[in-house]
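Written out below as structure tokens is the structure these notes cover.
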2 protein chains.
Amino acid sequence: MTNPVKIPAFLAHLPLFCEMSPDEIERIARGARELGLARGEVLFQRGDPCTGFYVVMHGRVKLALTSPQGIEKVVELIGPGQSFGEAVMFMDKPYPVYAQALTDSMVLHIGKQVIVGGIDSDPNFCRKMLAGLSIRLHRLIQTVESISLRSPAQRVIDLLLQELDGTKEGLDVHVSLSANKNVIASNLNITPETFSRILRNLSDAGLIAVEGKDVCIRDVARLRSYDE
Amino acid sequence: MTNPVKIPAFLAHLPLFCEMSPDEIERIARGARELGLARGEVLFQRGDPCTGFYVVMHGRVKLALTSPQGIEKVVELIGPGQSFGEAVMFMDKPYPVYAQALTDSMVLHIGKQVIVGGIDSDPNFCRKMLAGLSIRLHRLIQTVESISLRSPAQRVIDLLLQELDGTKEGLDVHVSLSANKNVIASNLNITPETFSRILRNLSDAGLIAVEGKDVCIRDVARLRSYDE
DNA sequence: CGCTCCATTGATGCCAGTCAAGAAATGTGG
DNA sequence: CCACATTTCTTGACTGGCATCAATGGAGCG
């Protein structure tokens, strides 16, 4: 089916495993298995027990919650090279969110045992695991800050600017939305309608140009300093 | 000044250290120092570098953010026996929030070095550290869920119910708010005015009785199932 | 070509924020 | 211990932004 030889190579360039010796990587790889996901397929439900964590090889996965009234809230979007579900491994609690593939995807499941084993034998690995969790925590605090203190329009602008990432400044910079607009809207904690209207306002103001999932930022500096 | 003999005893009954040997505890204690804080005193600012983490011995500390417009958002309230700042230790980033004492308090600062040392030598300790971070992460997800999917009134009810904690059910149960109402309101992501009005509504509905920081829950089950 | 999914746009309503004033509680100094 | 100052809390009137509801427009796909 899939080629198991490639797994160690893939693992070796992840931040979490990159300093490990080849045989340690090999050990981890033996506890890992590839999983193909069709678009829309649910990887785990909220409440499911946790048997390990996941790394996205290609495709895109969302972590989300559903309210009693059936409203969905997207907590996080996970792309290639990113991992999720590590935190739940270290508690005896089930998943607090559910995971669903947004596109046809390939993910790697890494069993709990090999990680726990790695921790016991390799303090360096342990520190990386801690760093990984810390970064996630940091990101969640940013999420809380964003939802609590920034207006919907500011949140949209922030999103556009962080999709930039590498490219720091410039004119007519091109970015691409990483998911459907309703998914992104949910992640920004606004309705799709509001998202659409904000994009329209920014377009009318000459700050961006939208064409489907492609957004052209006319002037990064001006967008960054834009105040409603 | 303060009695250093007490520190090991205090450490020993924290979840993080409770299974450690006495001499390991002793080693941690040597890397710790007590800090007295006056009400209103700022322990660290957002952006400060991190040199360790903190445990509250008595008193109460808030972790908060300030928006560019000067609006404050309380991210977390920390009480006796609880710790904060662990996550930042494992990244080379500064504090993403600031910490301020809400009452005269005594906190313990535990230096980064002794923790890193503990991780290298004790896998069990390492696992506890991971568990601790995981629990914080879990709590933050709950925060996001609460802000995103629950109405202000529901959030107030949730707060009252979780202050209960031990006492699961019953009539005329008494709880006490752990901080000033404006602080709690900020933590619930509502204005003090809205908080006041919601408490009033719940009072008028006969669900609770408020007297200063003391709240009497008339019927826990009814409050829990209350739908706006 | 028709179906489904996604995005946009308009009209409307409501909840919570804002502003402002007053009451109550807390703290302070004489 | 009282009078005063300051902070905290409550209440009212008003406003506005975002959600909601509803209908239409496109894009992709079998």
Side-chain angles (χ1 to χ4, degrees), chain A residues 38-40 60 62 67 69-74 100-104 146-157 159 176-204 208-215 227-228, chain B residues 38-41 60 62 67 69-74 77 100-104 146-157 159 176-204 208-215 227-228:
Chain A
R39 176 177 198 268
R60 206 160 279 273
K62 76 172 181 208
S67 77
Q69 298 85 33
I71 302 164
E72 177 188 73
K73 156 72 189 173
V74 174
Q100 185 180 26
L102 291 173
T103 63
D104 293 347
S146 167
I147 294 177
S148 310
L149 295 175
R150 327 212 89 220
S151 71
Q154 285 171 327
R155 297 205 289 273
V156 171
I157 292 174
L159 172 85
S176 188
L177 300 179
S178 63
N180 284 347
K181 291 185 180 171
N182 54 1
V183 172
I184 291 179
S186 168
N187 191 32
L188 294 174
N189 225 41
I190 55 182
T191 58
E193 291 94 327
T194 299
F195 186 44
S196 180
R197 284 187 250 265
I198 290 171
L199 286 181
R200 182 147 222 313
N201 290 344
L202 294 176
S203 294
D204 290 351
I208 62 172
V210 183
E211 198 175 309
K213 286 181 180 173
D214 296 325
V215 179
D227 234 319
E228 309 288 298
Chain B
R39 175 177 199 267
E41 194 170 336
R60 207 161 278 275
K62 77 172 178 207
S67 77
Q69 298 84 34
I71 302 164
E72 179 187 74
K73 156 71 190 174
V74 175
L77 296 171
Q100 184 180 26
L102 291 173
T103 64
D104 293 348
S146 167
I147 294 176
S148 310
L149 295 175
R150 326 213 90 216
S151 72
Q154 285 171 327
R155 298 205 289 273
V156 171
I157 293 174
L159 172 86
S176 188
L177 300 178
S178 63
N180 285 345
K181 292 186 180 170
N182 54 2
V183 172
I184 291 179
S186 170
N187 191 32
L188 294 175
N189 225 41
I190 55 182
T191 59
E193 293 94 325
T194 299
F195 186 43
S196 181
R197 285 187 250 265
I198 290 171
L199 286 180
R200 182 147 223 314
N201 288 345
L202 294 176
S203 294
D204 290 350
I208 62 173
V210 183
E211 201 174 308
K213 286 182 180 172
D214 297 324
V215 179
D227 232 319
E228 312 285 302

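Hydrogens, waters and symmetry mates are skipped; everything else that's a heavy atom, side chains included, is used.
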Check [X] against [Y] and note the closest heavy-atom contact, atom names and distance.
| X | Y | answer |
| --- | --- | --- |
| A:Ser186 | A:Glu72 | OG-O, 3.3 Å |
| B:Val210 | B:Ser203 | CG2-OG, 3.7 Å |
| A:Pro152 | A:Ile190 | CB-CG2, 3.7 Å |
| A:Ala38 | A:Ala101 | O-CB, 3.6 Å |
| B:Leu77 | B:Lys62 | CD2-CB, 3.9 Å |
| A:Thr103 | A:Arg60 | OG1-N, 3.3 Å |

Quick check on the helix from C:dC1-D:dG30 to C:dG30-D:dC1: what's the angle between its two end axes, five base pairs per end, to the nearest 10°?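 The angle, to the nearest 10 degrees, is 40°.
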Does the side-chain contact (heavy atoms from CB on, under 4.5 Å) test come out yes or no for A:Leu149 and B:Ile71, once each step is laid out? CA-CA 8 Å; A:Leu149 295 175; B:Ile71 302 164; 4.3 Å; yes
Classify every nucleotide of nucleotides 4-20 of chain D by which part a protein heavy atom approaches to under 4.0 Å, writing B for the base, S for the sugar-phosphate alone and - for neither, in 5'-to-3' order. ----SSSBBB----SSB
Might you confirm whether atom CD of B:Gln69 has over 12 heavy atoms from other residues, nucleotides or ligands at distances under 6.0 Å? yes
5' to 3' contact window, DNA chain C with chain A (heavy-atom distance under 4.0 Å):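 Contacts span C:dC6 to C:dA11, reading 5' to 3'.
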Short question: side chain of B:Lys213, backbone of B:Lys181 - any donor-acceptor pair under 3.5 Å? no
With side-chain contact (heavy atoms from CB on, under 4.5 Å) as the criterion, how do B:Thr194 and B:Leu188 come out once you've worked through the C-alpha distance, each side chain's angles and the decisive distance to 0.1 Å? CA-CA 10 Å; B:Thr194 299; B:Leu188 294 175; over 6 Å; no
